[in-house]
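The block underneath contains the structure these notes are about, expressed in structure tokens.
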Amino acid sequence: MQFEEVSRYYEKLENISSRLAMIDILSEMFSKADKGEMKNLVYMTQGVLGAPFEGIQMGIAEKFAEHAIEIASGYSHEEVLAGYRKAGDMGLTAQQFMSKSKLKAMGKKGLTTNHVFEAALKIAKTSGEGSQDMKIKMLVEMLAAGSPLDARYVMRFVLGTLRLGAGDATIIEALSKMATGEREAKADIENAYNICSDLGRIAEVLVEKGLPGVKKIKVSLFSPIRPALAERLPTSEEILHRMGSKCAVESKYDGFRVQLHIDKKSKKVRMFSRNLENTTEMFPDIAKAAFSEIKADEVILEGEALAYNEDTGEFRPFQETIQRKRKHGIEEKALEFPLHLFAFDLIYLDGEDFLSKPYHERRTKLESILTKGGLIRPSDRIIATQAKQIDIYFEDVIERGLEGIVAKDLNAPYIAGARKFSWIKLKRSYKGELSDTIDLVIVGYYTGRGQRAEFGFGGLLAAVYNDKKDIFETITRIGTGFTEKNMQMFSEVLKKIRKEKKPARVDAIVEPHFWVEPKYVVTVRADEITKSPMHTAGKEGDSPDALGYALRFPRLVSDGIREDKNPEDATTTKEIIEMFKMQKKVKIGK
Ligand code: ATP
């Protein structure tokens, strides 16, 4: 497939305002791809150079990209810089300069999709002496070989600023439509996605082996499984009732979720975060412990990493654990606060897939492969048959500085990528007013007045994720809880992802000063969930009387952006509706 065709589809995607139109355009585009380029086309559309969990960084800096435009078009540095300042986007700048290029295009060769993808990958991987010149040269060749419109998208792709706004759920529907003409294949593709998290691989299997091939995709080492998530209920009675007469109750550690993959034979270990980023470098001590403490060769297990003082039995706060995201000084930190991995699930063991086995069996096996007293140990738990037992355990856990409990259905399989009642969390906060935190996606922002004017930042417009419709619905403006430092940070990072008009997957009534691509998640606390005509969260129908949900007195509690959550990991509309009901019950109870 010529890249020129892809460019035209990308241009269409930029100009539409509905998610359904997005699916149509994507499925038409996918259906034109050859078998050998399907995988790359899907990655490219996601704006990545491989499965996202591989974390391959785009490899060229803006100033070198600018330089490539100068060479490819024959304009001076000052001219290109002035053009960029005016356009505010390197893709548009490339397009403009290539369309008035001073250099004669000698029989333009054109670009293919694979060529663009592979060259971008090469640019990313080239390093060492003289690598900048080589990167620039490769980029110049692409700019010169394609059309001016191609230049726009080539440039955005290599800089990592493509941002077509198609989330994974949208791509899944588009693939389903391509394969069956309808949404029939959606559930099977989703299942495969939940166990391999790799849409490029799925798309390739889909065109090569059809849907039966997709159904056969199995758990494999170093391809992370999408995490199982917990539902909420307000009391231990309700939890036990929902579980039957008996359930497991585990401590809920407030640390950093880790999915650990290890293959001892090839000496390889890898860890993934909740949103499946490769976080192996954050936990060198756990990586080392995995080789000596796990009594098996090939394992995928899950747990919560948390700084823990074994002598005092004291758990360290989440902030301390997360500091390890900063790569510097990790070794020292590792010594100061030994991190433990409290393992709570087993997904794969020596060639055997454990996903469909019941919890009690996974747990027993998990305990049997861990060495006692090490850094990796099973999460603490009890088996409860009475609500009273759950309450006592809950109080005990809170006293030890933990967040609450997670109750688990003894007979349930591991349900990848879904929030189900086979896991139910109970935090201290549900017992009072609404003080559980909510994770929101930033969809717009306001410029500040007074003191805040200097930062160009006055607050956020934030949304929840409606996973049924795969859109973001606004729920609140956030104006408090910001430090000077994070106002500055928000103003800088949000400026880079501004959108001229409302993004296609955002549903809103209120207008912020600037729309942004839904990309970043923040955590807020609010006093209450209320109903409001101004917000679209949970709003049914278009009647002017219809009400959505809103937050009362929201304030930012995360220290800036939640790097371990993707936009689709934010609190969902459905959860807000459930929390609203729970809040009413608690009020009546009082
Ligand atoms: P939260 O912000 O409450 O952690 P979340 O949306 O990240 O919520 P949930 O599914 O709501 O995730 O809660 C489960 C989370 O709790 C897991 O992602 C995991 O990180 C953490 N956790 C801590 N201890 C356990 C445990 N014993 N079993 C399962 N999850 C646990």
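Read the numbers this way: they start at 1 and go in the same order the structure lists the ligands and their atoms.
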Looking only at the aromatic ring of each residue, does the gap between the centers of W423 and F344 stay below 6.0 angstrom?
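Centroid separation for F344 and W423: below 6.0 Å.
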
Would you please indicate yes or no on a ring centroid separation below 6.0 angstrom for F354 and Y414?
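Between F354 and Y414, which both carry aromatic rings, the centre distance is not below 6.0 Å.
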
Answer side chain, backbone, both or neither: which part of [X] comes under 4.0 Å from ligand 1, heavy atoms only.
X	result
K252	both
W423	side chain
Y253	both
S251	backbone

Strictly below 4.0 Å, N to O, side chains only: are K565 and D439 in salt-bridge contact?
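The answer is yes: the pair qualifies as a salt bridge.
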
May I have all residue pairs that pass salt bridge (Lys or Arg N to Asp or Glu O under 4.0 Å) and include part of residues 407-421, sequence neighbours excluded?
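Those involving residues 407-421 are E250-K408, R419-E575.
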
Who pairs with A287 by side chain to side chain contact (heavy atoms under 4.5 Å, CB included), at least two apart in sequence or on another chain?
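Counting only residues at least two positions away or on another chain, A287 forms a side chain to side chain contact (heavy atoms under 4.5 Å, CB included) with V269, M271.
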
Which option, E302, K425, K420, owns the non-hydrogen atom nearest atom 9 (P) of ligand 1?
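Selected option, by shortest heavy-atom distance: K425.
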
Which one of E250, E304, K408 has a non-hydrogen atom at the shortest distance from atom 29 (C) of ligand 1?
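Among E250, E304, K408, the closest heavy atom to atom 29 (C) of ligand 1 belongs to K408.
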
Looking only at N/O atoms, are [X] and ligand 1 under 3.5 Å apart anywhere?
X	answer
E403	no
A230	yes
D439	no
S379	no

Atoms of ligand 1, numbered as shown, that sit under 4.0 Å from any heavy atom of K427
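Taking each heavy atom of K427 in turn, ligand 1 has 1 (P), 3 (O) under 4.0 Å.
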
Before giving the answer on ring-ring contact (aromatic ring centres under 6.0 Å, His included), spell out for Y520 and F490 the whole-Å C-alpha distance, their side-chain angles and the decisive distance to 0.1 Å.
CA-CA 10 Å; Y520 296 121; F490 278 121; 8.3 Å; no

Assess the side chains of S491 and Y445: does a donor N or O sit below 3.5 Å from an acceptor N or O?
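No, no side-chain donor-acceptor pair sits under 3.5 Å.
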
Apply the test ring-ring contact (aromatic ring centres under 6.0 Å, His included) to residues Y348 and H261: give CA-CA distance (whole Å), side-chain angles for both, the deciding distance (0.1 Å), then the verdict.
CA-CA 9 Å; Y348 178 87; H261 293 230; 8.4 Å; no

Determine whether more than 12 heavy atoms belonging to other residues, nucleotides or ligands lie under 6.0 Å from atom CZ of F553.
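Open: at most 12 neighbouring heavy atoms sit under 6.0 Å from CZ of F553.
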
So is R232 touching ligand 1 or not, going by heavy atoms under 4.0 Å?
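In this structure, R232 fails to qualify as a contact of ligand 1 - no heavy atom is under 4.0 Å.
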
With a 4.0 Å cut-off on heavy atoms, is R381 in contact with ligand 1?
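R381 does not count as a contact of ligand 1 under the 4.0 Å cut-off.
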
